[in-house]
Amino acid sequence: MNLSDLYIQQKIRDGDIREFEKLFLKYYEPLCRHAGKILDETEAAEDLVQEFFYHFWKDREDFTLKFSLDAYLYRAIRNNALHYLDHLSVHKNYAERMLSEFRDVMTANVQDDFDLDELDKAVNATLSRMPERCSRVFRLSRFEGKKYREIAGILSISEKTVEADMSKALKMFRISLKDYTGENGEMVRF
């Protein structure tokens, strides 16, 4: 370390803004080029050097030079650039992981939507193959939430006939929707 470096360090530590400006003007462009070689991005390199000088001025009272000022500045910029690259790598890995999870969720949702569309088509096809009264009993019970007594009153039939038509409808669904059973073999609930 030479006397000039000690002089500059002391002046900056004492708050001499002119000495700091001289240091900034002398080293800004070379340090930007140095950071640019590491980062391969001019704008990021300039931001990194500007941020370094901001912290250098802000923390000037705690700054102690152990080697040459030139060596300190270049090493600090190199370390900051490498830290920046590590930070970018972490963000990139996180973003890639989130994107992958998002794709998995979207693929599952699309598959679920496809399965629901297919199930809806199968239900409608089964209802269309039922005798009209049987289909109507099922719709009133399962889609409109009516009780057997209410259905019997609406259709002017006995409750036993409603029960028999519901049994027929459920049997037809068990047969036509066997491909839509749950994991343990249970039928989709209607």
Side-chain angles (χ1 to χ4, degrees), residues 1-125 143 177-190:
M1 174 170 26
N2 62 39
L3 289 176
S4 175
D5 288 348
L6 287 173
Y7 172 78
I8 294 168
Q9 176 188 352
Q10 190 57 48
K11 295 287 266 179
I12 291 173
R13 185 183 278 172
D14 291 341
D16 187 335
I17 192 74
R18 291 181 205 266
E19 197 61 43
F20 177 75
E21 286 174 350
K22 282 190 228 175
L23 182 74
F24 179 84
L25 292 172
K26 178 180 178 184
Y27 283 99
Y28 179 74
E29 286 186 33
L31 290 174
C32 284
R33 283 192 302 274
H34 182 62
K37 288 177 187 172
I38 297 167
L39 301 178
D40 199 29
E41 186 181 335
T42 305
E43 192 173 310
E46 290 173 356
D47 289 345
L48 188 129
V49 172
Q50 288 172 12
E51 186 174 338
F52 167 78
F53 274 111
Y54 165 77
H55 288 290
F56 184 77
W57 176 254
K58 187 177 104 181
D59 300 331
R60 67 187 176 276
E61 294 172 1
D62 300 327
F63 175 69
T64 305
L65 192 61
K66 294 184 174 124
F67 303 105
S68 76
L69 187 58
D70 190 51
Y72 168 77
L73 293 173
Y74 279 93
R75 180 170 293 251
I77 292 300
R78 177 185 167 277
N79 290 342
N80 287 356
L82 293 175
H83 179 72
Y84 176 80
L85 289 175
D86 285 344
H87 186 70
L88 279 183
S89 175
V90 168
H91 276 288
K92 182 181 176 189
N93 289 339
Y94 178 76
E96 287 173 355
R97 192 172 72 241
M98 289 297 105
L99 182 60
S100 175
E101 289 176 16
F102 176 75
R103 283 185 186 133
D104 291 346
V105 166
M106 290 308 294
T107 301
N109 286 344
V110 167
Q111 183 62 41
D112 290 347
D113 289 346
F114 177 75
D115 290 346
L116 288 176
D117 287 343
E118 291 296 315
L119 179 60
D120 189 48
K121 288 176 187 174
V123 167
N124 287 329
F143 296 165
L177 302 179
K178 66 181 179 284
D179 294 335
Y180 296 93
T181 58
E183 291 176 13
N184 56 3
E186 289 183 11
M187 186 65 168
V188 175
R189 301 277 312 170
F190 285 103

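This chain uses plain numbering: 1 for the first residue, then up along the sequence. Values in this document were obtained by computation on a predicted structure and should not be read as measured data.
Contacts of Y84 classified as ring-ring contact (aromatic ring centres under 6.0 Å, His included), with partners at least two apart in sequence or in another chain: none. Applying the side-chain contact (heavy atoms from CB on, under 4.5 Å) rule to H83 yields no partners; only residues at least two apart in sequence or on another chain are considered. The side-chain contact (heavy atoms from CB on, under 4.5 Å) search around K121 returns E118, not counting sequence neighbours. A search for side-chain contact (heavy atoms from CB on, under 4.5 Å) contacts involving A35 returns A45, L48, V49, I77, not counting sequence neighbours. Qualifying salt bridge (Lys or Arg N to Asp or Glu O under 4.0 Å) partners for K37, counting only residues two or more places apart in sequence or in other chains: none.
More than 12 heavy atoms of other residues, nucleotides or ligands lie within 6.0 Å of CG in D59, so this atom counts as buried by the packing criterion. Residue-environment remark: CZ (R78) stays at or below the threshold of 12 foreign heavy atoms within 6.0 Å.
Between F52 atom CZ and L73 atom CG the span is 5.0 Å, to the nearest 0.5 Å. Of the inter-residue distances, the one linking H55 atom NE2 with R60 atom CZ reads 14.0 Å to the nearest 0.5 angstrom. With rounding to the nearest 0.5 Å, the separation of CG in N80 from CG in L85 is 11.0 Å. Residue Y74 holds its OH atom at 14.5 Å from CG of N79, rounded to the nearest 0.5 Å.
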Hey, can you pull the donor-acceptor pairs under 3.5 Å for the side chains in residues 11-28, sequence neighbours left out?
from, atom 1, to, atom 2, distance (Å)
K11, NZ, D16, OD2, 3.3
R13, NE, F63, O, 3.3
R13, NH2, F63, O, 2.1
R13, NH2, T64, OG1, 3.3
D14, OD1, Q10, NE2, 3.0
D14, OD2, Q10, NE2, 3.3
D16, OD1, R18, N, 3.0
D16, OD1, E19, N, 3.2
Y27, OH, D70, OD1, 3.4
Y28, OH, Q50, NE2, 2.9

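In terms of heavy atoms, A81 sits closest to I38 at CB-CG2, 3.7 Å.
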